[in-house]
Amino acid sequence: GQFGVHGGVNLTRENGEDGDLSGWLGIDKSINEELMIVGEYDFAINDNEDDSLGSGKGYLNLGAYWSAVPNVSIGFLMKNILRNRDDDSHSEGVNLMTSQEQLAADPDISREISIRYTEVF
């Protein structure tokens, strides 16, 4: 089957105080015409400051896509498998984050189901 390796480097300008470069790697491997597994790792090098959401471990996401019919696939994805989070703000049920930070943060593993439709033109 098909195999792909992807990567990139990014520099956020959202916060003028954090100019760290970060990067990511991704892979995809088709098992057959119907099944594909995917994975990505975000190094999160710029997620290590005192006010960051994570602990600097990076984010690991894995998933699988199944294509029952041409052009349509159903995916099951697991995100933040390493549970990258700032343990100080999530310890013993005490949450010191503001409500806006709570909406942005995903400290635990999340699961998603996706439906994709692709067309070549």
Side-chain angles (χ1 to χ4, degrees):
Q2 185 176 3
F3 177 73
V5 177
H6 319 278
V9 177
N10 61 299
L11 174 65
T12 182
R13 300 311 308 156
E14 292 176 353
N15 183 352
E17 297 173 10
D18 190 357
D20 294 343
L21 281 173
S22 190
W24 57 271
L25 291 173
I27 61 168
D28 60 83
K29 172 71 173 125
S30 62
I31 305 302
N32 54 35
E33 290 185 16
E34 292 88 25
L35 185 63
M36 175 181 282
I37 56 173
V38 295
E40 67 179 359
Y41 181 74
D42 182 344
F43 294 104
I45 296 169
N46 58 353
D47 194 21
N48 59 358
E49 299 294 323
D50 290 338
D51 61 347
S52 67
L53 299 176
S55 62
K57 289 192 281 194
Y59 297 91
L60 176 65
N61 306 323
L62 299 173
Y65 288 96
W66 174 61
S67 182
V69 296
N71 302 351
V72 178
S73 62
I74 298 172
F76 176 73
L77 308 168
M78 294 181 64
K79 296 186 172 184
N80 197 12
I81 293 172
L82 299 177
R83 294 185 178 187
N84 185 19
R85 65 176 179 224
D86 182 7
D87 289 327
D88 292 338
S89 65
H90 295 88
S91 61
E92 299 180 16
V94 177
N95 196 336
L96 303 175
M97 297 190 314
T98 66
S99 59
Q100 186 66 27
E101 289 172 327
Q102 288 173 350
L103 291 174
D106 190 6
D108 293 318
I109 297 172
S110 67
R111 298 160 309 279
E112 294 181 13
I113 294 178
S114 68
I115 299 174
R116 297 189 310 181
Y117 173 78
T118 56
E119 183 66 51
V120 177
F121 55 94

Asker: Short question: side chain of Ser22, backbone of Ala44 - any donor-acceptor pair under 3.5 Å?
Answerer: yes
Asker: Can you tell me how far the CD atom of Glu34 sits from the CD1 atom of Ile74, to the nearest 0.5 Å?
Answerer: 13.0 Å
Asker: To check you understand the geometry: which heavy-atom pair defines the closest contact between Gly75 and Tyr65, and what is its length?
Answerer: CA-CD2, 3.4 Å
Asker: Measure the CG-CG distance between Asn10 and Leu21 for me, rounded to the nearest 0.5 Å.
Answerer: 8.0 Å
Asker: Hey, does Phe76 have a side-chain heavy atom less than 4.5 Å from the side chain of Arg111?
Answerer: yes
Asker: Could you tell me whether a side-chain N or O of Ser67 sits under 3.5 Å from a main-chain N or O of Val72, the two making a donor and an acceptor?
Answerer: yes
Asker: I need the Tyr59 OH to Ile81 CD1 distance, nearest 0.5 Å.
Answerer: 14.0 Å
Asker: Do Asn80 and Ile109 come within less than 4.5 Å of each other through their side chains, counting heavy atoms only?
Answerer: no
Asker: Please give me the minimum heavy-atom distance between Ser114 and Leu77, naming the atom from each residue.
Answerer: OG-CD1, 4.4 Å
Asker: What distance separates Asp42 CG from Lys79 NZ, expressed to the nearest 0.5 Å?
Answerer: 11.5 Å
Asker: So which atom in Gln2 and which in Ser30 form the shortest heavy-atom distance, rounded to 0.1 Å?
Answerer: N-OG, 2.6 Å
Asker: List the atom of Phe43, the atom of Leu25, and the distance in Å for their closest heavy-atom pair.
Answerer: CZ-CD1, 3.9 Å
Asker: How long is the gap from CE on Met78 to CG on Leu62, to the nearest 0.5 Å?
Answerer: 7.5 Å
Asker: Met36 versus Val38: any side-chain heavy-atom pair under 4.5 Å?
Answerer: yes
Asker: Do His6 and Trp24 have side chains that approach each other closer than 4.5 Å (heavy atoms only, starting at C-beta)?
Answerer: yes
Asker: Would you give the length of the straight line joining atom NZ of Lys29 to atom CD1 of Ile37, rounded to the nearest 0.5 angstrom?
Answerer: 8.0 Å
